Amino acid sequence: MDEDMIFDPSLKKKKKKKTGFDMDAALAGEQGESTSVEAPAETGDVDLPEDDNLDLDNFGKKKKKKKKPFFNLEELENALPETPPAEEPEPQEDEVIDDLDLDIDFSKTKKKKKKKNVDEIVPDDDGRGEDQENVEDVHGDWIGSDRDYTYDELLERVFDIMREKNPSMVSGKKQKFVMRPPQVVRIGTKKTSFANFTEICKTLHRQPKHLLDFLLAELGTSGSVDGNSQLIIKGRFQQKQIENVLRRYIKEYVTCHTCRSPDTILQKDTRLFFLQCETCGSRCSVASIKSGFQAVTGKRAAIRAKTA
Amino acid sequence: MSIQNLNTFDPFADAIKSSEDDVQDGLVHVRIQQRNGRKTLTTVQGLSSEYDLKKIVRACKKEFACNGTVVEHPEYGEVLQLQGDQRENICQWLTKSGLVKPEQLKVHGF
């Protein structure tokens with residue numbers, strides 16, 4: 001993916017994540033002991049909900065990669081049969097909260113995993129193996145039995161129902177939220193121009209004033225929109241830095257906090273801003289923009305002369 | 001001998017206290033400000049007034065090898081100022097020393 005061409009809000013985050021979860025290190029550690037693998041994999045999963053992952057397809061692929069250590073883990077389980085399945089559901093739980101759109105990829109990987117489980121665990125441990133097999137054939141044997149359902153079964157059932165009711169989710173909304181990068185040019189030595197400011201406001205469906213307020217509050221400077229509808233900010237800023245701030249803006253004020261869809265409307269209601277999602281219909285308040293404390297950086301004598 | 005039930009206990013003591021010492025729901029804002037040239041300034045706003053900010057700034061100055069002060073602001077209370085971009089340093093230091101929980105920290109700026 002070309003960063004110069006397409007500014008993808010979730011791009012940078014991803015890079016970070018890769019460094020966070022080091023596959024080689026994890027695999028190396030795994031040979032030593034099984035529990036050490038669990039830790040990095042989990043931290044990776046916990047990170048996810050924060051991420052505004054608008055790039056759904058790539059994200060799914062990453063998931064699969066991440067799963068790999070678990071497969072190896074299960075092979076290890078044959079050697080030490082006591083530890084495993086209590087840990088298994090944890091990452092799944094996180095994913096359920098994580099994102100509904102993900103479930104397509106997720107369920108596929110899960111099924112694969114199940115099969116492995118059955119193959120490998122059955123010879124070891126009979127009771128558990130049976131349980132897993134019941135999960136495999138679908139809700140057929142729910143009727144008539146009054147046994148307790150395992151977490152995995154219930155999960156599977158929920159996803160099955162979801163896929164039944166919403167076939168559009170299975171076919172996959174592949175719409176990625178891609179926007180043009182901000183064009184940031186230096187003017188002289190002290191000012192920076194954000195050339196396509198209004199264009200970006202339009203793609204985000206936000207009032208220029210709102211974005212302007214946010215940018216200036218975050219950067220801790222002053223600025224204004226000039227005649228050519230470009231934003232002039234005081235101070236030196238690079239495109240990368242502006243992108244960072246924009247990303248934060250999108251995460252807070254554009255993407256829906258529930259379903260992460262960028263199709264939202266920002267309304268002002270009794271002094272509070274509310275984010276109304278057009279896709280899932282959720283409505284939640286967002287933090288007001290406050291510039292907070294501003295230290296005096298100019299010449300104090302000049303300020304004193306001006307006020308006195 | 002005192003009767004336990006008659007002990008005066010104010011159930012709202014916590015609520016009143018926390019709303020007093022923090023302007024906005026207990027968040028600690030770490031900001032960066034550009035000065036002339038490549039110079040920058042880091043401000044830390046919202047630290048609880050129970051702490052002695054002068055001692056904190058003294059420790060930070062030593063740790064990060066930078067200068068710093070405590071500034072009194074009518075609205076935001078006492079604010080820490082450090083020279084240079086100390087955002088990462090101060091975040092690590094505050095969490096490590098246990099003064100602030102990581103989820104309370106809010107880093108602003110680019």
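Just so it is clear: chains get the letters A, B, ... in the order the sequence lines come, proteins before strands, and each one is counted from 1. Computed from a predicted model, the values in this text were never measured in an experiment.
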Neighbour count >12 (heavy atoms, 6.0 Å) for atom CD, A:Q207 = no
Residue A:Q276 excluded, over 12 heavy atoms near CD under 6.0 Å | yes
Under 4.5 Å heavy-atom distance to chain B, tell me which part of A:Q238 shows up: side chain, backbone, both or neither.
-> neither
A:A295 and B:T43: which non-hydrogen atoms are nearest, and at how many Å?
-> CB-CG2, 4.1 Å
A:K234 atom NZ, neighbour heavy-atom count above 12 within 6.0 Å = no
Once you round to the nearest 0.5 Å, how far does NZ of A:K299 lie from CG of B:N36?
-> 7.0 Å
Heavy-atom closest pair, residues A:Q294 and B:Q33 = OE1-NE2, 3.2 Å
Should B:V44 and A:F293 be marked as a side chain to side chain contact (heavy atoms under 4.5 Å, CB included) after you check the CA-CA gap, both sets of side-chain angles, and the distance that decides it?
-> CA-CA 9 Å; B:V44 183; A:F293 174 76; over 6 Å; no
Using non-hydrogen atoms and a 4.5 Å limit, figure out which bit of B:Q34 sits close to chain A: side chain, backbone, both or neither.
-> both
Is it the backbone or the side chain of B:L41 that comes under 4.5 Å from a heavy atom of chain A, or both, or neither?
-> side chain
NZ of A:K290 to CG of B:L27, rounded to nearest 0.5 Å, is 10.0 Å
Exam field: side chain B:R31 to backbone A:A217, donor-acceptor pair closer than 3.5 Å | no
Report the distance from atom CZ of A:R236 to atom CZ of B:R38, rounding to the nearest 0.5 Å.
-> 8.5 Å
